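Report on one structure; see the data block that follows.
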Amino acid sequence: MSDCLFCKIAAGEIPSNKVYEDETVYAFYDIDPQAPTHFLVIPKAHIGSVAEITPENATVVAHIFAVISKVTKELGLESYRVVSNIGEQAGQSVHHLHFHVLAGRDMTWPPG
Ligand code: 5GP
Ligand code: ZN
């Protein structure tokens with residue numbers, strides 16, 4: 001999607017601090033970290049949010065979770081939280097599917 005911020009980041013058109021990359025997935029540190037470690041994992045192909053996941057495009061989501069499992073181990077993270085905000089009320093500000101990975105501090109439940 002030509003005017004999508006995360007499509008541009010995944011394509012390298014906007015700089016980011018890369019954590020991981022392969023053919024279908026890109027991970028990078030959040031510009032406004034909410035925990036000592038805070039990175040985002042996105043599909044390179046544009047999907048608007050979890051609400052746009054279908055049987056046809058869902059494979060990349062399993063791959064994203066395999067990437068999260070691998071990268072967190074490489075970073076030595078034993079405890080972390082994975083979050084995806086969907087829609088305005090939940091606080092989604094970028095309309096390209098992304099999973100936040102947050103670690104390095106005590107977390108509360110329920111989330112705010
Ligand atoms: P959302 O609010 O949609 O759940 O999450 C979007 C996230 O993207 C926010 O945590 C925000 O800090 C991050 N973000 C927004 N713009 C940029 C950017 O240009 N670069 C990076 N690395 N993160 C961004
Ligand atoms: Zn996009």
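The first residue in the sequence is number 1, and the count goes up from there. Treat the numbers as computed from the prediction; the structure is a model and nothing was measured. When a ligand or atom number is given, it counts from 1 through the structure's own listing order. Excluded from the calculations below are hydrogen atoms, water molecules and symmetry mates; all remaining heavy atoms, backbone and side chain alike, are included.
- Across all their heavy atoms, His96 and Lys44 have their closest contact at CE1-O, 4.1 Å.
- Between Phe6 and Tyr26, the gap from one ring centroid to the other reaches at least 6.0 Å.
- Neither the backbone nor the side chain of Phe39 has a heavy atom within less than 4.0 Å of ligand 1.
- The minimum heavy-atom distance between Gln92 and Ile86, with the atom names listed, is OE1-CA, 3.5 Å.
- Residue contacts with ligand 1: Leu40 is included, with a non-hydrogen atom under 4.0 Å away.
- Around the Zn ion (ligand 2), the angle linking Cys4 (SG) with His46 (ND1) is 110°, rounded to 10 degrees.
- The shortest heavy-atom distance from Gln34 to ligand 1 is not under 4.0 Å.
- Of the protein's non-hydrogen atoms, the one nearest atom 23 (N) of ligand 1 is Ile31 N, 3.3 Å.
- The proximity of Asn85 to ligand 1, defined as any non-hydrogen pair under 4.0 Å, is limited to the side chain.
- Interface of Gln92 with ligand 1, defined as ligand atoms under 4.0 Å from a residue heavy atom, comprises 3 (O).
- In terms of protein heavy atoms, atom 7 (C) of ligand 1 is closest to Asp30 OD2, 3.4 Å.
- Considering backbone and side-chain N/O atoms, Gly91 comes within less than 3.5 Å of an N/O atom of ligand 1.
- Ile53 is listed as a side-chain neighbour of Val50, based on a closest heavy-atom distance under 4.5 Å.
- Glu74 CD: more than 12 foreign heavy atoms inside a 6.0 Å radius.
- Heavy atoms of Tyr29 found under 4.0 angstrom from ligand 1 belong exclusively to the backbone.
- The N/O atoms of Leu5, backbone and side chain alike, include none that comes under 3.5 Å of an N/O atom in ligand 1.
- Against a heavy-atom cut-off of under 4.0 Å, Asp32 is close to the following atoms of ligand 1: 12 (O).
- When all heavy atoms of His63 and Asp22 are compared, the pair lying nearest together is NE2-OD2, 2.6 Å.
- Asn85 places no side-chain N or O within donor-acceptor distance of the main-chain N or O of His100, the cut-off being under 3.5 Å.
- Annotation for ligand 1: atoms under 4.0 Å from non-hydrogen atoms of Phe6 are 8 (O).
- One hydrophobic cluster, built from ILVMFWY side chains closer than 4.5 Å, cannot hold both Ile9 and Tyr29; they sit in different ones.
- Nearest N, O or S atom of His96 to the Zn ion (ligand 2): atom ND1.
- Hydrophobic clustering, with ILVMFWY side chains joined whenever heavy atoms are under 4.5 angstrom apart, groups Tyr80 together with Phe65.
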Using distance only, find each side-chain donor-acceptor pair of residues 103-112 under 3.5 Å and give its atom names and separation, not counting sequence neighbours.
{"residue": "Arg105", "atom": "NE", "partner": "Gln34", "partner atom": "O", "Å": "2.9"}
{"residue": "Arg105", "atom": "NH2", "partner": "Gln34", "partner atom": "O", "Å": "2.8"}

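- Listed for the Ser49 side chain is no donor-acceptor partner under 3.5 Å among the backbone atoms of Leu97.
- Counting heavy atoms closer than 4.0 Å to ligand 1, residue Val83 contributes nothing at all.
- Put simply, NE2 on His46 and OG on Ser2 are 10.0 Å apart, with the number rounded to the nearest 0.5 Å.
- Residue contacts with ligand 1 leave out Ile14, since none of its heavy atoms falls under 4.0 Å from the ligand.
- Considering backbone and side-chain N/O atoms, His100 comes within less than 3.5 Å of an N/O atom of ligand 1.
- Residue contact check for ligand 1: Ser16 places no non-hydrogen atom closer than 4.0 Å to it.
- For the pair His95 and ligand 1, no heavy-atom separation below 4.0 Å is found.
- At a threshold of 4.5 Å between side-chain heavy atoms, the hydrophobic network of Ile, Leu, Val, Met, Phe, Trp and Tyr places Val25 and Val83 in two separate groups.
- Looking only at protein heavy atoms, the nearest one to atom 2 (O) of ligand 1 is Ser93 OG, 2.7 Å.
- At the top of the distance list for atom 1 (P) of ligand 1, counting protein heavy atoms only, stands His98 NE2, 3.1 Å.
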